[in-house]
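The next block holds one structure in the form of structure tokens; read it before the comments.
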Amino acid sequence: MRNRQVSLVAFLLIVIFLAIAVLSQRERQLKQIPFSELVARVESKEVRTLSISGSQIDGELTDGTKIRSIGKPTDFYLEKFAEAGVVPDYEEEGDNVWLTGLLNGIPVVLMVVVLLMFMRQMQMGSGRAMSFGKARARVLTENGKKVTFSDVAGCDEAKQELEEIIAFLKDPRKFTRLGGRIPKGVLLAGSPGTGKTLLARAVAGEAGVPFFSISGSEFVEMFVGVGASRVRDLFEQAKKQSPCIIFIDEIDAVGRHRGLGMGGGHDEREQTLNQLLVEMDGFESSDSVILMAATNRPDVLDPALLRPGRFDRRVLVPAPDFKGRLGILQVHARRTPLEDSVDLERIARGTAGFSGADLENLINEAALLAARFNKKKVDQSDLEQAKDKVQMGSERRSLGLSDEQKRTTAYHEAGHAIVARLMPELDPVNKITIIPRSMALGLTQLLPEENQFNYTATRLSSTLAYMMGGRAAEDLIFHRFDTGASSDLRRATRLATSMVTEYGMSESIGPVAWSENREDNYLGGELPRRREISEATAQRIDEEVRGLLVNAYGRAKGALENNMDLLHEVAKELLEKESLDSFEFEAVVSRFPPVLTERPVA
């Protein structure tokens, strides 16, 4: 129905433009001339025909030009016309006026029709022309698809924090009779994809109350005052259906620190934030309305929004640990048939740093991969390939590398793997591949044995050596450098700089942090910068960073020089198989025991 209305409006607009074009062309073809000039042209026999309608005289010259003049010729002029051989035709004045008025009125009538249809459509549709100030929140009730805590995994601490909110929504008197006040606002903070929105829906599902969901960006429009009006309307709707939950996703879109914008106090976003603060202050304990919000940038929110009495409870939703990742995989695997031999624990261990959204995508990619090969169930290989795709990108087998480029890549990745195997405190090698993925020609992946929250100087130094392993292998085998190690060098330089300027891991510089964060007024985020330091200190920092990198390169090269046979064998296996998993790599290591290792070989 809507497509038909759009087509009708488009057709009427085309007719209007055509009618205007025809009238404009008709007017351009007529040459307006004074009556005296008309008489002179008739006497000089330049006029072929004349037509008189009231005081309007239309004619055609011998060259085909259309002319028009205004006047009523008397008998004297009519005799002159007759002597020149031009006898005017007479038309009824009413008929001509009616036709002219009709032609001139058609565009006006059509424009009025289109305008009326547009206004009716705006009133009937979702974007009502006169309802800019209405909140566009989506409401989920008990009749809709219900999400509970059983559908949420990987954030047990966050769920425990929210149990109190659920208990209040189910039985408010349990808290109010003792003089307690439930938090008015709950802020869910965490990285993207950790399940903040799902957690908020689960709270509403557990409590069995309406759930108003809206994005922070939906409050702000180009018209001043619209955002504040929508905030008022949203809270009015919520109070009518209390107890309920209002959920504002990405609240940093309207809740950023005031005073950073270009518009000063009259900025539309700031007016929206001010109205939100007022509405939260107006909450009464008897309203039974809980405001929940989610953001991945709590550091940029206005302090007034976070004070007690507004968002007085923060709930951190972190990236899941091993147990949490395993739970998330099991939740998403309910809808996907898996082979009995599938080991989700292995997948969970190999996905450190994955968010809930990443793990859901992994299960989905595995299901699509199995369906592509007409499998009835998803097996371990499908999950492994899906994990590699999510982590490293899609394979690019059509890249067409030459044999020499493949050989260089094989030795580069073998260097990474062997150095990682020899350096202390590094994670075990999980996979080595020379199949191009994303922008990389090859990749060496380490498998964390446990979540790491603090890193020792020894581990970071070993990481630098691991990053230099590929370049060191190329130097030893080919005695040349190429651009393949550019990404490794950038990562190593950033890490070494952080060790010196942030972590205080340099004996020469000492326990001083030479970098700090600043708030940028226009970007609204934290940008790292160095403090104001002297040229001498800056030079010492640069020398110390270079020293760490040179030392790491020396360690990597020395480790490979002592294990050349192992380097050749790993590269040979990569050229034959293109990819080695942890078991295949350890099988090669067992045949060529490493020499002068810096940690015991298992």
Side-chain angles (χ1 to χ4, degrees), residues 404-434 441-449 455-482 484-489 491-493 495-496 499 505 507 545-602:
E404 183 62 23
Q405 288 174 322
K406 289 182 180 179
R407 186 166 177 265
T408 301
T409 304
Y411 275 99
H412 182 101
E413 299 305 329
H416 279 307
I418 294 172
V419 173
R421 181 66 175 78
L422 299 177
M423 293 297 115
E425 297 190 19
L426 286 186
D427 298 318
V429 175
N430 180 52
K431 186 170 185 177
I432 320 166
T433 180
I434 59 171
L441 300 181
L443 195 109
T444 300
Q445 183 187 59
L446 306 184
L447 178 64
E449 295 178 328
Y455 299 92
T456 65
T458 300
R459 182 184 176 92
L460 296 182
S461 298
S462 297
T463 303
L464 289 177
Y466 155 69
M467 292 176 178
M468 292 293 184
R471 181 181 175 92
E474 293 183 28
D475 187 10
L476 288 172
I477 302 301
F478 305 104
H479 307 291
R480 59 173 169 77
F481 299 125
D482 59 26
S486 59
S487 177
D488 298 326
L489 294 177
R491 291 164 54 211
T493 302
L495 178 56
M499 291 174 65
M505 294 181 178
E507 294 183 1
V545 170
R546 181 178 179 276
L548 288 175
L549 296 174
V550 170
N551 179 64
Y553 182 75
R555 292 178 66 194
K557 190 172 182 180
L560 294 176
E561 283 178 334
N562 293 327
N563 295 275
M564 292 297 290
D565 292 339
L566 179 59
L567 177 62
H568 289 301
E569 189 64 20
V570 173
K572 177 183 175 183
E573 291 286 329
L574 281 173
L575 289 171
E576 291 178 0
K577 300 180 179 179
E578 292 188 328
S579 295
L580 298 177
D581 59 23
S582 59
F583 301 105
E584 292 170 325
F585 174 67
E586 287 298 328
V588 178
V589 172
S590 65
R591 298 199 305 267
F592 296 87
V595 179
L596 297 178
T597 60
E598 297 190 33
R599 68 173 181 182
V601 181

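As a basis for the values below, the full set of heavy atoms in this structure was taken, side chains included, without hydrogen atoms, waters or symmetry mates.
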Checking H568 against I477 for the side-chain contact (heavy atoms from CB on, under 4.5 Å) test, could you report, in this order, the C-alpha distance in whole Å, the side-chain angles of both residues, the deciding distance, and whether it holds? CA-CA 9 Å; H568 289 301; I477 302 301; 3.6 Å; yes

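- Rounded to the nearest 0.5 angstrom, L476 CG and E474 CD are separated by 10.5 Å.
- M505 has its side chain out of reach of L548: every pair of non-hydrogen atoms, C-beta onward, lies at least 4.5 Å apart.
- Contacts of A473 classified as side chain to side chain contact (heavy atoms under 4.5 Å, CB included), with partners at least two apart in sequence or in another chain: L560, L567.
- Atom CE of residue M423 and atom OH of residue Y466 lie 13.0 Å apart, to the nearest 0.5 angstrom.
- Residues passing the side chain to side chain donor-acceptor pair (under 3.5 Å) test with S461: none are found, sequence neighbours excluded.
- A search for side chain to side chain donor-acceptor pair (under 3.5 Å) contacts involving D475 returns Y553, K557, not counting sequence neighbours.
- Qualifying side chain to side chain contact (heavy atoms under 4.5 Å, CB included) partners for D488, counting only residues two or more places apart in sequence or in other chains: H412, H416, A485, R491.
- Proximity of T433 to E413: side-chain heavy atoms (C-beta onward) are nowhere separated by under 4.5 Å.
- In this structure, the side chains of L446 and N430 stay at 4.5 Å or more apart for every pair of heavy atoms.
- Residues forming a side chain to side chain contact (heavy atoms under 4.5 Å, CB included) with D581 (at least two apart in sequence, or on another chain): F583, E584.
- A search for ring-ring contact (aromatic ring centres under 6.0 Å, His included) contacts involving F478 returns Y411, not counting sequence neighbours.
- Applying the salt bridge (charged side-chain N to carboxylate O under 4.0 Å, His left out) rule to E573 yields the partners K577, R591; only residues at least two apart in sequence or on another chain are considered.
- In this structure T463 satisfies the side chain to side chain donor-acceptor pair (under 3.5 Å) test with no other residue, sequence neighbours excluded.
- Closest heavy-atom contact between A414 and L574: N-CD1, 4.2 Å.
- For L489, the side chain to side chain contact (heavy atoms under 4.5 Å, CB included) partners are M468, R471, not counting sequence neighbours.
- At least one donor-acceptor pair under 3.5 Å links the side chain of S462 to the backbone N or O of P424.
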What do the steps show when you test L422 against N562 for side-chain contact (heavy atoms from CB on, under 4.5 Å), and what is the final call? CA-CA 11 Å; L422 299 177; N562 293 327; over 6 Å; no

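- Partners of E404 by salt bridge (charged side-chain N to carboxylate O under 4.0 Å, His left out), not counting sequence neighbours, listed by chain and number: R480.
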side-chain contact (heavy atoms from CB on, under 4.5 Å) between R459 and D427, worked out: CA-CA 10 Å; R459 182 184 176 92; D427 298 318; 3.0 Å; yes

Go through the steps for L575 and K406 under the test side-chain contact (heavy atoms from CB on, under 4.5 Å), then give the verdict. CA-CA 7 Å; L575 289 171; K406 289 182 180 179; 4.2 Å; yes

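- Listed by chain and number, the residues in a side chain to side chain donor-acceptor pair (under 3.5 Å) with R546 amount to none (sequence neighbours excluded).
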